[in-house]
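Inspection log for the structure reproduced underneath, given as structure tokens.
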Amino acid sequence: MANSLHFPLFLLLSLLAAHKALASSHNHDQHLRSLHFSLFQHETVNKTGYIVVDGVAGPGISQTTTPFGTIFVFRDNMTASLNDSSRVVGVAEGTSITSSFDGLRSISLAKITLKTHGYQGSVSILGSVHNTKPADLPIAGGTGDFMFVQGYVRSSPVDLQGLTVVYKIEFHIYWPPYATNGPK
């Protein structure tokens, strides 16, 4: 009889332990440290950005489209205001690969090195963008003061006319509780 009581008691204790583990891993009451700000990315074709592989199908090259398969690389200044002569507080280095036949969508990856708001380091992003609409790209990691961060950036076209195109980049950065860097 004693052995038959051990199994239900063991099962009950196991279920309670599993429930506690699940509940604590989804605790939304923890305060995440965060930082939110916007910068402006200035990209000039054949000065800060270059097509290195021509695409194979779709529309021609314009300020908003490139043929499917086009590989574009960039190293763009990021400023605190819309004016490209304003203070440079970051640099975006990366590549985009046109992934749609209409030439409007790309897979983009970038390392954004920042020295702003009292923080210094980089965030890496990877995701899909639409060339004429806002897009959210997840932050895949970071260095320096941005080590262990999570979050996303929202890239929104601001000025697509002329030789230099401008994007507003909104940063939504969150530090996990175990990170020792970041806002206090």
Euclidean distance, H172 NE2 relative to D136 CG, rounded to 0.5 Å:
7.5 Å
Nearest 0.5 Å please: distance from the OG atom of S124 over to the CD1 atom of I112.
8.5 Å
When clusters are formed by joining ILVMFWY residues with side-chain heavy atoms under 4.5 Å apart, either directly or through shared neighbours, do F40 and I125 land in the same one?
no
With no hydrogens and no angle check, do the side chains of D76 and Q41 hold a donor and an acceptor under 3.5 Å apart?
yes
For T143, give me all partners under side chain to side chain donor-acceptor pair (under 3.5 Å), at least two apart in sequence or on another chain.
S122
Between atom CD1 of I173 and atom OH of Y119, what is the distance when rounded to the nearest 0.5 Å?
9.5 Å
Closest approach of V52 to V73 (non-hydrogen atoms, all atoms of both residues)
CG1-CG2, 3.7 Å
For S106 and S96, test the side chains for any donor-to-acceptor distance below 3.5 angstrom and give the result as yes or no.
no
Determine the minimum heavy-atom distance between P134 and S156, stating which atoms define it.
CB-OG, 3.5 Å
Please name the pair of heavy atoms, one in T65 and one in P59, separated by the smallest distance, quoted to 0.1 Å.
CB-CG, 4.0 Å
Apply side-chain contact (heavy atoms from CB on, under 4.5 Å) to V91 and R75, showing your working.
CA-CA 7 Å; V91 174; R75 187 185 187 283; 3.7 Å; yes
The criterion is ring-ring contact (aromatic ring centres under 6.0 Å, His included); which residues satisfy it with H117, sequence neighbours excluded?
F37
Assigning hydrophobic clusters by single linkage (Ile, Leu, Val, Met, Phe, Trp, Tyr; side-chain heavy-atom cutoff under 4.5 Å), is V45 placed with I71?
no
Is Y50 close to F72 at the side-chain level, that is, under 4.5 Å between some pair of heavy atoms?
no
Kindly work out whether a path of hydrophobic side-chain contacts (I/L/V/M/F/W/Y, heavy atoms less than 4.5 Å apart) joins V56 to I97.
no
Look at the aromatic rings of F146 and W175 and report parallel, tilted or perpendicular, splitting at 30° and 60°.
parallel
Can you tell me how far OH of Y174 sits from CD of Q150, rounded to the nearest 0.5 angstrom?
10.5 Å
Could you measure the distance from the CG atom of D54 to the OG1 atom of T70? Nearest 0.5 Å is fine.
6.5 Å
Distance-minimising heavy-atom pair for N131 and L160
O-CD1, 3.9 Å
Answer with yes or no whether the hydrophobic clustering places I139 together with L137; edges join I, L, V, M, F, W, Y residues whose side-chain heavy atoms lie under 4.5 Å apart.
yes
Hey, does L114 have a side-chain heavy atom less than 4.5 Å from the side chain of L39?
yes
Under a 4.5 Å cut-off applied to non-hydrogen side-chain atoms, are D84 and N77 in contact?
no
Please determine whether side-chain contact (heavy atoms from CB on, under 4.5 Å) holds for the pair V165 and D159, giving the CA-CA distance in whole Å, both sets of side-chain angles, and the decisive distance to 0.1 Å.
CA-CA 5 Å; V165 296; D159 182 3; over 6 Å; no
same_hphob_cluster(V88, F74) at 4.5 Å side-chain heavy-atom cutoff
no
Which atom names give the shortest non-hydrogen contact between R105 and S100, and what distance separates them?
N-OG, 3.1 Å
Flag side-chain contact, heavy atom, 4.5 Å: L82 against V166
yes
If you define the side chain from C-beta out and look only at heavy atoms, does anything of I169 sit under 4.5 Å from S38?
no
Looking only at the side chains, is there a donor atom on one of S81 and N83 sitting less than 3.5 Å from an acceptor on the other?
no
Rounded distance [0.5 Å steps], CG in L163 versus CD in E43:
10.5 Å
Is there a donor in the side chain of T66 and an acceptor in the side chain of T98, or the other way round, less than 3.5 Å apart?
yes
Set of residues satisfying side chain to side chain donor-acceptor pair (under 3.5 Å) with respect to S128, sequence neighbours excluded
none
Steps toward side-chain contact (heavy atoms from CB on, under 4.5 Å) verdict (E93, T113)
CA-CA 8 Å; E93 301 170 284; T113 304; 4.3 Å; yes
Heavy atoms only: give me the nearest S99-I107 pair and the separation to one decimal.
OG-N, 3.8 Å
Give a yes-or-no answer on whether the side chains of H42 and T44 include a donor-acceptor pair shorter than 3.5 Å.
no
